[in-house]
Number of protein chains: 2
Amino acid sequence: MPTTRTHPATQRSEHTREALLRAGTLRFVEHGFEGASVEQIAREAGVNKALINYHFGGKRGLYVAILDTTFGEIREGLRALAQSGGTPEQLLGRMLDLFRVMAEERRPGFPALMLREAMAPGERFGRLIGPHLAAMVNVVRLIVERGIREKRFRKVDPLLTHLAMIGGMAFFFATQKGREHLAVQGAFPGRFPTGEEFVEYMKGLMLNGLAVERPPRRPRSERSRAK
Amino acid sequence: MPTTRTHPATQRSEHTREALLRAGTLRFVEHGFEGASVEQIAREAGVNKALINYHFGGKRGLYVAILDTTFGEIREGLRALAQSGGTPEQLLGRMLDLFRVMAEERRPGFPALMLREAMAPGERFGRLIGPHLAAMVNVVRLIVERGIREKRFRKVDPLLTHLAMIGGMAFFFATQKGREHLAVQGAFPGRFPTGEEFVEYMKGLMLNGLAVERPPRRPRSERSRAK
DNA sequence: GTCTATAGGCTGATAGAC
DNA sequence: GTCTATCAGCCTATAGAC
């Protein structure tokens, strides 16, 4: 079988596989499954295009392998997070940090992969991505439900909370390149916020937005400026 | 010229154009530009595929026409919103309502179109979508800045506010079908929230999250349950 | 304006030498 | 495992009849 290695991994084949996974990720993230071509991926990986068929059984096989490894890693990170201690506020913050690290460092482009799959749900969507997404929803749900139980959060819907928070994050990181692109053309207004900036903003928004006590409608006077 | 009509619009050609625009939107939204085929679009529109070239000058021409009309309408709605009166809170709420109406009724699929473009920024991205996005950012910026000036909002960054809010909205509506799909397979946890539900949630999150007075860290006792 | 027929390019995949 | 050569299929676009 091509996809499961028979020889020790200390061979050129390992390099080939990983080069294809890396180049494939880049192309699939930017152009989607249909938009990417195996020739371009192979060229970018510096290997012959026939090797995509040999190692992964075809274009779709490469794509599935990429989704698998990517979301497997995300899920592992979530598992560790769910077991760690702290207040619900801290856990939510740590989840946002994890998302950023994955999106910017460990698995660049994973938000775009996720979004593309969710927008064009084929058969594979449910089987492949579904369980991983469900795990993500579940972590948020546990945190939010605990926050509510401990009277730290308002009685919000955990699923809607997940959608608003993770949706905002996925959108931001999936469209970072687009903003850069616009920036170069001078077509985008204002600054080009970094991932860290956005994550800090999101933490503030969520923690204030979820907090129990409602602020008074009329502000008395100017106080506590957010730095 | 094919794209600008010379004859009165009371002809079959008008029907053909609109059938192609409608079918094209569906296909482009679901499969992206590369993933959609003109043959399928023409079949779905019930017209001959050569007419795509006649009326729009080709596949790309049809796509551009779709982006143009879609985002033109969004922008018009925003213009009206910006001129209407009310508190910053009301304006933000009305903007979210407008987004939902556009995404679910007037221009189904527009969030997906926006996302796909933003994820794969080509040359046309800046020229075509850029100005429309800039207009969107600008409306949020004006509202948020007024809210801050009037001491109703915290001193938040308007651009980050826009990204979190509109990003969450775009994500939600672009992935609605995906959730339905998962729901059928039983792979998605929990309910399947409607657009209206999500918009109401987002209003609450933003207004609480942006509000001036910070809630105390320790809740005194259980009060004011959010309905 | 609409349709049929067809051209021409590109894509993913495979057979077979090394 | 890697590479070259090649194929069949699909896709967009066009020419020309009506």
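So that the names make sense, note that chain A is the first sequence line, chain B the second, and so on, each numbered from 1.
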Seminar exercise, completed: Across all chains, not counting sequence neighbours, the side-chain hydrogen bond (donor to acceptor under 3.5 Å, both in side chains) partners of A/Lys203 are A/Asp97, A/Glu200
Interatomic distance where [atom1] belongs to [X] and [atom2] belongs to [N] [whole Å]:
X	N	atom1	atom2	value
B/Leu20	C/dG1	CG	C1'	12 Å
B/Ile52	D/dT12	CD1	C1'	10 Å
A/Phe56	C/dT14	CZ	C1'	18 Å
B/Leu62	D/dT12	CG	C1'	13 Å
A/Asn53	D/dA5	CG	C1'	15 Å
A/Tyr54	D/dT2	OH	C1'	9 Å
A/Arg12	C/dC18	CZ	C1'	12 Å

Name every donor-acceptor pair, under 3.5 Å, that has one atom in a side chain of residues 32-45 of chain B and the other anywhere in the protein, sequence neighbours excluded.
from	atom 1	to	atom 2	distance (Å)
B/Ser37	OG	B/Gln40	N	3.2
B/Glu44	OE1	B/Arg27	NE	2.6
B/Glu44	OE1	B/Arg27	NH2	2.9

Closest to the [X] side chain: [options]?
X	options	answer
A/Ser13	C/dG1, D/dT2, D/dT14	D/dT2
B/Leu51	D/dG1, D/dA13, C/dT2	C/dT2
A/Lys59	D/dA13, D/dT2, C/dG12	C/dG12

For this session: Please identify each residue that fulfils salt bridge (charged side-chain N to carboxylate O under 4.0 Å, His left out) with B/Glu180, with sequence neighbours left out.
Result: none
For this session: Under 4.0 Å from any atom of DNA chain D, heavy atoms only: list the residues of residues 36-50 of chain A that qualify, in numerical order.
Result: A/Asn48, A/Ala50
Exercise. Does OP1 or OP2 of D/dT2 have a side-chain N or O of A/His55 closer than 4.0 Å?
Worked result: yes
Exercise. For C/dG1, does either OP1 or OP2 sit under 4.0 Å from a side-chain N or O belonging to B/Thr16?
Worked result: no
For this session: Dump the intermediate steps for side chain to side chain donor-acceptor pair (under 3.5 Å) on B/Arg179 and B/Thr175, then the final yes or no.
Result: CA-CA 6 Å; B/Arg179 272 186 297 282; B/Thr175 59; 3.0 Å; yes
For this session: List the atom of B/His55, the atom of B/Ser13, and the distance in Å for their closest heavy-atom pair.
Result: CE1-CB, 3.7 Å
What side-chain donor-acceptor pairs closer than 3.5 Å can you find for residues 65-75 of chain B, not counting sequence neighbours?
from	atom 1	to	atom 2	distance (Å)
B/Thr69	OG1	B/Ala65	O	3.3
B/Thr69	OG1	B/Ile66	O	3.2
B/Thr70	OG1	B/Ile66	O	2.7
B/Glu73	OE1	B/Arg107	NE	2.7
B/Glu73	OE1	B/Arg107	NH2	2.9
B/Glu73	OE2	B/Arg106	NE	3.0
B/Glu73	OE2	B/Arg106	NH2	2.4

Problem set entry | Under the ring pair (Phe, Tyr, Trp, His ring centres under 6.0 Å) test, residues paired with B/Phe198 that sit two or more places apart | B/Phe172
